[in-house]
Amino acid sequence: MLKEQGPRPFLQRQKALEALGTEFFDVLVVGGGITGAGIALDAASRGLRVALVEKGDFASGTSSRSTKLVHGGLRYLKNWELGLVRSTGRERSVNHRMAPLRVYPEKMLIPLRRGGLLHPLSARLAISLYDLLAGVEKKDRLRMLRAEQTLALLPQLRPDQLLGGALYTEYQTDDSRLTIEILKTARDFGALLFNYLEAVAPVLNAQGRLEGYRLRCNLTGTEVQVAAAVVVAAVGPWADLMRRRHGLQENILHLSRGIHVVVSAVRLPLTVPVYMDVLADKGRMVFCIPRRGHVYIGTTDNYFEGDPDFPDIPEEEIEYLLQAVNDQFNLSHPLQKEDVKSAWTGLRPLLRRPGKKSTELSRRDEILELPDGMLLITGGKLTGWRLMAQKTVDRCSKVLRKRFGKKVVACRTAQITLRDVGPGEPARPDLWKDMVRGWAAQLPDGPDRSEEIAENYGRAAEKIVQRAYEIYQNDRSHGS
Ligand code: FAD
C-alpha cells in the first residue's frame, strides 16, 4: 500500500467548507465550466477575494462536450457577425500564448464542391476576410488548392463535383483540460474552488437584495451559507433553472443539442482535419478531427427540450453524421453505427429569439442582471472565455465601487501564462514533451503515452509519472 500523505482529502474538504461559511467574498461564482473558471481567474488576478462552486465535476457541462476548437467561427460570417468573428478570432493567438500546449494551431481543409456552401471564389473571399479580421500571421493564412492538389492531400475524398480545397488555420484544444488549467491558475491567485457544491437557494437581505447563497455539498448533503458582495451565475444551459430559483419563470434560453461521434482512424484515415458540407442538408457543415488514433465527427444543431443534466444522443443524429462522412469520402466500407466507438452530447445555451432556428441564433454572450442583483452570464463560446470574464468582472467592479467603495484594477489575464507547460521561458511545448518523454521512459507503456501525459497534465506531468512509477514498482514488488 502507498502511504497516504497529508490530511485526508475528505476531512480537509469538510474543514474548507466550514471556513467558507465564515468569510465574506468579493465575488461568488456559480458554475465551474470555462466561463466560471475564466471569471474566477480574472477576478482573483485583480486581487479580489473569490470563491467558485460547481455542482458536479469541473467542466462536466458544455465545457467538456464541445468540438474542442478555439476558433473565430468562420460560419458566423454568413450572418455578418463581423465583431464576433474579429474578437474571437484574435483570442485564438492570445489563448495559444497563454497555454501553448493546450491551444495550438493546425491546418484545416474545406473541400469545395459544386453546390456546396462555399465556392472557390466565395471561400477565398470569406476566409481571407476571416484571416484579416483575426489578424492571422502570413505563414498561417489561407492557401487555395486545386482539385488535384486537394485529392493529393486527402485521397479518400470523393472526386466527383470537387472544385478544389481551402487550407486555412484553426486552433485545437482539449476543452475540459483548458478549463482545469484556468481553474488551477485561478487557485494560484488565491481563488477558493469547490466541486460537488451546488448553489441551491439565494440569500436575500430585508430589501430583497442578494447577499449570498445557500450551498449544498452533493457528496454529503452538508449545507453551508456563503456571503458575497456580488454573485455571478455562469451556469451555461442551467440558466433558466437558476432564474427560477430567483422567482423568474420565463425561459430565456433556446438550448441547442450538438452531438459528436468517435470512430477509429483506421476506419476514417485522415491526413488533415476537415470542415465539410453536409451534402444532404444544404447550408450545414461538420468537422472531422483526427486525434490520437481516432477521429471525432460533429456536430449537429437541434432544439433540445428537457433536463440539461441528461441531454440525449438520438439515433437519427448519429446516422446524420455518418451519412455526412459517407457522402464526402470514398471509404472501402462506408461508416456504420457499429463503427461508432463513443459519442458525446452538449447543449449550447443560446438566447431565444422568437421564430429563429438553432442554426440562425447568435453565439453572442450577454450579461443579465436579475432584480435581486445577481449577474447571469450566458451564451458565448469556449473561445471567448477570457473576454467574457473581463466583461463580467468589469461589471462586478462597478458594483463593488458603487456599493462598497472598493477600487478594482484593470484586467490582466492576457499577460498570464496558464499552468500548462513546465518551467522555462519562453514556454516551449516541444522541450516540455521531450522532458516528459524522458521521465515516462521508466514506465512500461510510457513511450507510447508520454505525449498524452504531457498534453493532458501540463506541469503536473512530472508528478503523474512519478506516482505511476511508484504504483508500478509497488505492483512489481507484490508480484502482480
Ligand atoms: P458549462 O460548461 O455548461 O458550465 C456551466 C456549469 O455550471 C456546469 O458545469 C454545471 O454543472 C454548473 N452549474 C449549473 N447549475 C449550478 C448550480 N446551481 N450550482 C453550481 N454549479 C452549477 N465553443 C468554441 O469556442 N469552440 C467549439 O469548438 C465549440 N463547440 C461546441 C460544440 C457543441 C456541441 C456545443 C454544445 C458547444 C460548443 N461550443 C464551442 C460552445 C462552448 O462549448 C460553450 O460556449 C462553453 O463551453 C460554455 O461554457 P459555460 O461555462 O458557460 O457552461
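Atoms within a ligand are numbered from 1 in the order they appear, just like the ligands themselves. These numbers come from a predicted model, not from an experiment.
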(request) Give a yes/no verdict on a cation-pi contact between Lys68 and Trp344, requiring under 6.0 Å between NZ or CZ and the six-membered ring centre and an angle within 45° of the axis. (result) yes

(request) Report, in ascending order of atom number, the atoms of ligand 1 lying under 4.0 Å from any heavy atom of Pro237. (result) 3 (O)

(message) Once you restrict to heavy atoms under 4.0 Å, what part of His71 touches ligand 1? Side chain, backbone, both or neither.
(response) side chain

(message) For Glu369, is there an ion pair with Arg395 - N to carboxylate O distance below 4.0 angstrom?
(response) yes

(request) Report yes if the side chains of Thr169 and Lys107 come closer than 4.5 Å at any heavy-atom pair, otherwise no. (result) yes

(request) Please state which part of Val30 comes within less than 4.0 Å of ligand 1, counting heavy atoms only: side chain, backbone, both or neither. (result) side chain

(message) Strictly below 4.0 Å, N to O, side chains only: are Asp240 and Arg245 in salt-bridge contact?
(response) no

(request) Check Thr179 against ligand 1 and report side chain, backbone, both or neither, counting heavy atoms closer than 4.0 Å. (result) neither

(message) What protein heavy atom lies closest to atom 1 (P) of ligand 1? Include the residue and the distance to one decimal.
(response) Thr62 N, 3.5 Å

(message) Tell me the contacting part of Leu347 for ligand 1: side chain, backbone, both, or neither, using a 4.0 Å heavy-atom threshold, strictly below.
(response) backbone

(message) Can you report which non-hydrogen protein atom sits closest to atom 30 (N) of ligand 1, along with the distance?
(response) Thr67 N, 3.0 Å

(request) Give yes if a backbone or side-chain nitrogen or oxygen of Arg348 is under 3.5 Å from a nitrogen or oxygen of ligand 1, and no if not. (result) no

(message) I need the atoms of ligand 1 closer than 4.0 Å to a non-hydrogen atom of Arg245, numbered in the order shown.
(response) 18 (N)

Using atom types as modelled, flag every donor-acceptor pair under 3.5 Å from a side chain in residues 273-289 to any protein atom, sequence neighbours excluded.
from: Asp277; atom 1: OD1; to: Leu117; atom 2: N; distance (Å): 3.0
from: Asp281; atom 1: OD2; to: Tyr320; atom 2: OH; distance (Å): 2.7
from: Lys282; atom 1: NZ; to: Gly115; atom 2: O; distance (Å): 2.9
from: Arg284; atom 1: NH1; to: Thr299; atom 2: O; distance (Å): 3.2
from: Arg284; atom 1: NH1; to: Tyr320; atom 2: OH; distance (Å): 3.2
from: Arg284; atom 1: NH2; to: Thr299; atom 2: O; distance (Å): 2.9

(request) Check ligand 1 against Leu197 and write out every atom of the ligand that is under 4.0 Å from a heavy-atom position of the residue. (result) 20 (C)

(message) Restricting to non-hydrogen atoms, name the atom on Met388 and the atom on Lys381 that form the minimum distance, rounded to 0.1 Å.
(response) SD-O, 3.9 Å

(message) Please identify which of these residues, Arg243, Arg244, Glu305, meets the side-chain hydrogen bond (donor to acceptor under 3.5 Å, both in side chains) condition with Asn251.
(response) Arg244

(message) Between Glu315 and Lys337, does any side-chain N to carboxylate O distance fall below 4.0 Å?
(response) yes

(message) Give the atom numbers and elements of ligand 1 that come within less than 4.0 Å of a heavy atom of Lys68.
(response) 28 (O)

(message) Any salt bridge linking Arg49 with Glu23? Criterion: basic side-chain nitrogen under 4.0 Å from a carboxylate oxygen.
(response) yes

(message) Below 4.0 Å, non-hydrogen atoms only: which portion of Pro349 touches ligand 1? Side chain, backbone, both or neither.
(response) neither

(request) Give the residue and atom name of whichever protein heavy atom lies nearest to atom 38 (C) of ligand 1, and the separation in Å to one decimal. (result) Ser66 CB, 3.6 Å

(request) For ligand 1, note which part of Arg257 has a heavy atom under 4.0 Å away: side chain, backbone, both or neither. (result) neither

(request) Within a distance under 4.0 Å of any heavy atom of Gly258, pick out the atoms of ligand 1 and give their elements. (result) 34 (C)

(request) Look at the side chain of Arg92 and the backbone N and O of Gly89, then say whether any donor-acceptor pair between them is shorter than 3.5 Å. (result) yes

(message) Checking a contact table here: which protein heavy atom is nearest atom 28 (O) of ligand 1, and how many Å away?
(response) Leu69 N, 3.2 Å

(message) As an exercise, identify every atom of ligand 1 less than 4.0 angstrom from a heavy atom of Arg65.
(response) 33 (C), 34 (C)

(message) Assess, by modelled atom type and distance only, whether the side chains of Thr173 and Arg102 contain a donor and an acceptor separated by less than 3.5 Å.
(response) no

(request) With heavy atoms under 4.0 Å as the rule, classify the contact between Thr299 and ligand 1 as side chain, backbone, both or neither. (result) side chain

(message) Looking only at the aromatic ring of each residue, does the gap between the centers of His71 and Tyr171 stay below 6.0 angstrom?
(response) no

(request) List for me each residue that meets ring-ring contact (aromatic ring centres under 6.0 Å, His included) alongside Tyr213, sequence neighbours excluded, and say none if there are none. (result) His246

(message) I'd like to know whether ligand 1 has Ile259 as a neighbour, heavy-atom separation below 4.0 Å.
(response) no

(request) Tell me which protein heavy atom sits closest to atom 21 (N) of ligand 1, plus the residue, atom name and distance to 0.1 Å. (result) Lys55 N, 3.1 Å

(request) Kindly identify the option in Ser63, Gly31, Pro308, Gly33 whose heavy atom sits closest to atom 49 (O) of ligand 1. (result) Ser63

(message) Checking a contact table here: which protein heavy atom is nearest atom 12 (C) of ligand 1, and how many Å away?
(response) Glu54 OE1, 3.2 Å

(request) For Gln390 and Asp42, test the side chains for any donor-to-acceptor distance below 3.5 angstrom and give the result as yes or no. (result) no

(message) Starting from atom 50 (P) of ligand 1, what is the nearest protein heavy atom, named by residue and atom, and what distance separates them?
(response) Thr35 OG1, 3.2 Å

(request) Quick one: look up the protein heavy atom nearest atom 45 (O) of ligand 1 and list residue, atom name and how far away it is. (result) Gly380 O, 3.2 Å

